[in-house]
Amino acid sequence: MNANVVMPLSGVARRLIADQIIDEGQAQEALQGASQQNLTLVSYLVQNGVADGTKIANAIADEFGTPLLDVRALRQEAIPSELVDAKLIHRHHTLPLFKRGNRLFIGVSDPTNLRAQDEIKFHTGLSTETILVEEGALAEAIAKYLDDEEVAFGQKLASLDDAGLEDLDIQAVDEDGEAPETADTDIDETPIVRFVNKILVDAIQGGASDIHFEPYEKTYRVRFRTDGILKEVTKPPNNLAPRLAARLKVMSKMDISERRVPQDGRIKMKLSKTRSIDFRVNTLPTLYGEKIVLRILDPSSAQMGIDALGYEEDQKKLFLEALHQPQGMILVTGPTGSGKTVSLYTGLNILNSTERNISSAEDPVEINVDGINQVHVNPRVGLTFATALRSFLRQDPDVIMVGEIRDLETAEISVKAAQTGHMVMSTLHTNSAPETINRLLNMGVPAFNVATSVSLVIAQRLARRLCENCAEPANLPIETLLAEGFRQEDLEIAQIMRPVGCDKCNNGYKGRIGIYEVVRITPDLQRIIMEGGNSLVLAEAAKEAGFNTLRDSGLIKAAKGLTSLEEVNRVTKD
């Protein structure tokens, strides 16, 4: 701005000139400088040492009849937090002091800053009133207030315990599962890098399955899904959201400049020479920034063995018998997060030997297993489940795994493979084993093909396992237990337990256990399928054949004291 331009003097400037705190030349220079630096006149005068802040505050108080508050007398914890965004506090150099009803009192050093009042009123929905605060004291109070969020958080980051971080090797993984280069941009971002790394390590050590980074209008939170339940673990300052998102996107080799559309990526974290963990990463543009969810893919989960999954002895026998048949189709069904992938990989590991050619088509490939030819489905380039399956059939397969049967074409090719001497394993999203059969029929697969190809259907859920350290007897009335579905003869040996909670568990639970409905397609069930019987008829016939429903299996787990009746009710239905 041209120094010769004369700017109109504000009421504050005129009063300061009248009290001989500044002269007219200083006032003109200050007004121009404040305009260029986007500051108030008072802030410019004090920050540049042109005039004393206390004298300015006393003159303004006299001029406008505004009370002058010594903000240092206020208790820091009494100042309302999360009402005004940190960006507004920075931009307008103002501080929320206290709230009375629907009125918010804000501290300012220049009461003529009406724009600050209007913006805070708009963002908070509260009427605003200004209280005059000396500029130096206000700047100190604002810095101290923001210390509770950003600065204190920075100190927390700087003092993070490095346990588990020493040997980390983090790489981005492309769609082909390769890690072409180390994804690291540590310049000027070391605290953020260490914070993100610590979150990932803590999630792994805590047994979490997913990590949620979630931005909102005035807050930001990080949650872990542990044993199927989401729990908040930390709340970083909201203004760190873009930097956290950028770090995660760099780690997973995404386009950090693209914030308008969802993106998918993958991170490989090497914890030690013998153990590495993969993270499947997805971003979602929301109203206040990008929500990022990481799914933790631990290869060791596929090596647990069938005995660790929670099958009852008769169910395990049915699963193993079906696996060792020369042909047929095994379908695993259940909602997202019910452990279907682990069940499939457990079966594949049982079959994985040098004598068998095993191929899998997945979207995406969640767990890498040596000895299995895994294909990452990519519809954008024409590599669909159906395309991969056709190719498998020309590659001399013994066992084929299809990540999910989503359409008629994939279903028909899978059925054809199962009928022509191959073992096929796949998943569907249905609620029970009988409904899985109906789903295939509704897709358009002929009833005869379904009846002759499907050999076993497994419906499953994951229930939280009671903590062995603190669980105690539930002491429920017999009438209540009978109403829940227990049989009288079962109650004589039942050990119904309830969660308590201790320092070794999460609210009385630690880990999860599978609840299964395993149904072998018997000749009677084949006949019902070919006659067009619905899922209700199939369910009744399966029960008569001695196959436990999900509810039955859940009650067996509760009777053994492995989980609680409340948890069985949460994950199963009558």
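Heavy atoms from other residues, nucleotides or ligands lying under 6.0 Å from NZ of Lys291 number more than 12. Atom CD of Glu468 has 12 or fewer heavy atoms from other residues, nucleotides or ligands within 6.0 Å.
Checking Thr234, Leu248, Leu244 one by one against Ile199, the side-chain contact (heavy atoms from CB on, under 4.5 Å) holds for a single residue, Thr234. Leu440 pairs in a side-chain contact (heavy atoms from CB on, under 4.5 Å) with only one of the listed residues (Thr430, Val454, Val415), which is Val454.
Remark: the backbone N or O of Lys268 is not paired with any side-chain donor or acceptor of Asp278 at under 3.5 angstrom.
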Criterion side-chain contact (heavy atoms from CB on, under 4.5 Å) on Glu484 and Asn569, from CA distance to verdict: CA-CA 9 Å; Glu484 290 287 349; Asn569 287 333; 3.3 Å; yes
Let's go through Asp210 and Arg223 carefully: what are the C-alpha distance in whole Å and the side-chain angles of both, what is the deciding distance for salt bridge (Lys or Arg N to Asp or Glu O under 4.0 Å) to 0.1 Å, and is it a yes or a no? CA-CA 8 Å; Asp210 301 86; Arg223 293 191 291 172; over 6 Å; no
Determine, stepwise, if the pair Ile521 / Ile437 fulfils side-chain contact (heavy atoms from CB on, under 4.5 Å). CA-CA 10 Å; Ile521 305 302; Ile437 300 299; 4.2 Å; yes
Going through the checks in order, is the side-chain contact (heavy atoms from CB on, under 4.5 Å) test met by Arg520 and Lys317? CA-CA 11 Å; Arg520 185 181 68 235; Lys317 183 181 178 183; over 6 Å; no
Are Lys316 and Glu313 close enough, and set up right, to give a salt bridge (Lys or Arg N to Asp or Glu O under 4.0 Å), and what steps lead you there? CA-CA 5 Å; Lys316 182 175 75 170; Glu313 282 302 317; 3.7 Å; yes
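Between Glu517 and Arg461 there is no salt bridge, since no side-chain nitrogen of the basic residue lies less than 4.0 Å from a carboxylate oxygen of the acidic one. Salt-bridge annotation for Glu567 and Lys557: absent, with no side-chain N of the basic residue lying under 4.0 Å from a carboxylate O of the acidic one.
Two residues are said to be in side-chain contact when any heavy atoms from C-beta on lie closer than 4.5 Å; Leu297 and Arg266 meet this criterion. No side-chain heavy atom of Asn506 sits less than 4.5 Å from a side-chain heavy atom of Arg464. Looking at Ser455 and Gln325, their side chains never come closer than 4.5 Å, going by heavy atoms from C-beta outward. Side-chain atoms of Met251 and Arg247, non-hydrogen and from C-beta on, do get closer than 4.5 Å to each other. Considering only heavy atoms from C-beta on, Leu294 comes within 4.5 Å of Leu200 through its side chain. In this structure the side chain of Met425 reaches within 4.5 angstrom of the side chain of Leu323, judged on heavy atoms.
With hydrogens and angles left out, the side-chain atoms of Asn238 and Arg221 include no donor and acceptor closer than 3.5 Å. No donor-acceptor contact under 3.5 angstrom links the side chains of Glu362 and Thr341, judged on distance only.
For the atom pair CD1 (Ile277) and CD1 (Ile296), the distance works out to 7.5 Å, reported to the nearest 0.5 Å. The CZ atom of Phe319 sits 5.5 Å away from atom CD1 of Ile306, with the distance rounded to the nearest 0.5 Å.
Here the closest non-hydrogen pair linking Ile496 and Ala559 is CD1-CA, 3.9 Å. Here the shortest heavy-atom pairing between Arg512 and Gly337 reads NH1-O, 3.9 Å. The two residues Ala411 and Val445 come nearest to each other via the heavy atoms CB-CG2, 3.7 Å. Minimum interatomic distance between Leu462 and Arg570 (heavy atoms only, all atoms of both residues): O-NH2, 4.3 Å. Looking at every heavy atom in both residues, Tyr220 comes nearest to Pro237 through CB-O, 4.3 Å.
Not counting sequence neighbours, the partners of Arg406 by the side chain to side chain contact (heavy atoms under 4.5 Å, CB included) test are Asp363, Phe385, Glu404.
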